[in-house]
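One-based numbering along the sequence shown.
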Amino acid sequence: MKVLLIDDDSELCDLLETYLVQDGFDVEVMNRFDENRWAKLADEIGFVVLDVGLPGKNGFEVLRYLRGTSKVPILMLTARGEDVDRIIGLEMGADDYLPKPCNPRELSARIRAIQRRVDGPQTTTKDRYLSVSGVDLDAGTRSVKRGSSSIQLTSTEFNVLERLMQRAGDVVSKEELTRDVLGRRMSSYDRAVDMHISSIRRKIGEGLVCTVRGVGYQFLLRK
């Protein structure tokens, strides 16, 4: 898989690129975002690692641009302790985040975990489709509709919704969603799943995903 690393810290890029290449990835590096170069690379890129604090067009602007044209998984690199940046990134469609300076081994593990969930297991015709409470999900084409309207979800949002619909009527804990969808253990004050749920609600409409306070989330069964 080809990973695009967008960060203006050349030393960090060299470190991360060296590790990721040794770990089996093909890596492209941009020290600032270049739309023309992205246009040439877009079809080849399977994952983007994006720094929030870019010069020129900052990470949020780049994220908005990428989300307008691509569903590629995006992991944001944020300054340690900048919770607001993490929340904004997730709200804008990032799949996950890591604080800087990050451990190359953890970055590689996060990339693989997210990509495994994007690729998903091979599905049979029987379990490929889910239709619950007026929402139709096709795991094969990774598409979602409510009625006749198509709903555009990020890869992680799709995986969260799929898990909730598979367990429709049951309460799915935040710990389970973090572990099985994001591919990591939930940490204290971790709001990644909350932000993905909030985005899903905006896109599919309110009233289908309910919060069970202190436990998790439930996709409601409706006739």
Please report the C-alpha distance between T211 and R201 in whole Å, then the side-chain angles of each, then the deciding distance to 0.1 Å, and finally whether the side chain to side chain donor-acceptor pair (under 3.5 Å) criterion is met. CA-CA 11 Å; T211 301; R201 283 173 171 156; 2.7 Å; yes
Before you tell me yes or no, could you show the steps for I6 and D51 under side chain to side chain contact (heavy atoms under 4.5 Å, CB included), namely the whole-Å CA-CA distance, both residues' side-chain angles and the distance that decides it to 0.1 Å? CA-CA 6 Å; I6 311 175; D51 179 33; over 6 Å; no
Salt bridge (charged side-chain N to carboxylate O under 4.0 Å, His left out) assessment of R167 paired with E176: CA-CA 12 Å; R167 300 270 303 279; E176 178 181 334; 2.7 Å; yes
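Side-chain contact between K71 and Q152: present, with at least one pair of heavy atoms (C-beta onward) separated by less than 4.5 Å. Residues L90 and S198 form no side-chain contact, since every pair of their non-hydrogen atoms from C-beta on lies 4.5 Å or further apart. Counting heavy atoms from C-beta outward, Q166 and L130 have side chains that approach closer than 4.5 Å. The shortest distance between side-chain heavy atoms of V52 and N58 does not fall below 4.5 Å. Side-chain contact between T156 and D96: absent, with no pair of heavy atoms (C-beta onward) separated by less than 4.5 Å. Looking at heavy atoms from C-beta onward, V144 lies out of side-chain contact with K203 at the 4.5 angstrom threshold. Proximity of R222 to L208: side-chain heavy atoms (C-beta onward) are separated by under 4.5 Å at one or more points. Taking 4.5 Å as the limit, some side-chain heavy atom of L75 sits within range of a side-chain heavy atom of L107.
Remark: R184 qualifies as a cation-pi partner of Y97 under the 6.0 Å distance and 45° angle criteria applied to the six-membered ring.
Under the 4.5 Å side-chain contact rule for hydrophobic residues, I200 and L220 do not share a cluster. Hydrophobic clustering keeps Y19 apart from F47 (ILVMFWY residues linked when any side-chain heavy atoms are closer than 4.5 Å, directly or through intermediates). Following chains of ILVMFWY side-chain contacts shorter than 4.5 Å, one cannot reach Y217 starting from M186, and the two form parts of different hydrophobic clusters.
No more than 12 heavy atoms of other residues, nucleotides or ligands lie within 6.0 Å of NZ in K145, so this atom counts as exposed by the packing criterion.
In terms of heavy-atom proximity, G169 sits nearest to Q218 at O-NE2, 2.7 Å. Shown here for L164 and V209, the closest heavy-atom pair between the two residues is CD1-CG1, 4.0 Å. Nearest heavy-atom pair, F158 versus A139, reported as atom, atom and distance to 0.1 Å: CZ-CA, 4.0 Å. Heavy atoms only, all atoms of each residue included: L63 and G89 are closest at CD2-O, 3.5 Å. Residues M30 and D34 come closest through the heavy atom pair SD-N, 3.6 Å. When every heavy atom of G53 is checked against every heavy atom of D8, the shortest pair comes out as O-OD1, 3.7 Å.
The hydrophobic cluster containing V215, built from Ile/Leu/Val/Met/Phe/Trp/Tyr side-chain heavy atoms closer than 4.5 Å, also comprises V171, V212.
Taken to the nearest 0.5 Å, the CG atom of L12 stands 11.5 Å off from the CD atom of E17. To the nearest 0.5 angstrom, R64 atom CZ is 7.0 Å from E61 atom CD. The CG atom of L77 sits 11.0 Å away from the CZ atom of R86 when rounded to the nearest 0.5 Å. Of the inter-residue distances, the one linking D194 atom CG with E91 atom CD reads 10.5 Å to the nearest 0.5 angstrom. With rounding to the nearest 0.5 Å, the separation of CD in E162 from CG in L153 is 11.0 Å.
Among the candidates V49, L50, I88, the single residue satisfying the side chain to side chain contact (heavy atoms under 4.5 Å, CB included) test with M76 is L50.
For F33 and Y65, the ring centers sit closer than 6.0 Å to each other.
Looking only at distances, a side-chain donor or acceptor of T178 sits under 3.5 Å from a matching main-chain atom of K174. A distance-only check finds no donor-acceptor pair linking the side chain of R202 to the backbone of G205 [under 3.5 Å]. With N31 contributing its side chain and D7 its backbone, the two residues share a donor-acceptor pair below 3.5 Å.
Applying the side chain to side chain contact (heavy atoms under 4.5 Å, CB included) criterion to S155, with sequence neighbours excluded, gives P73, D95, V118, R142.
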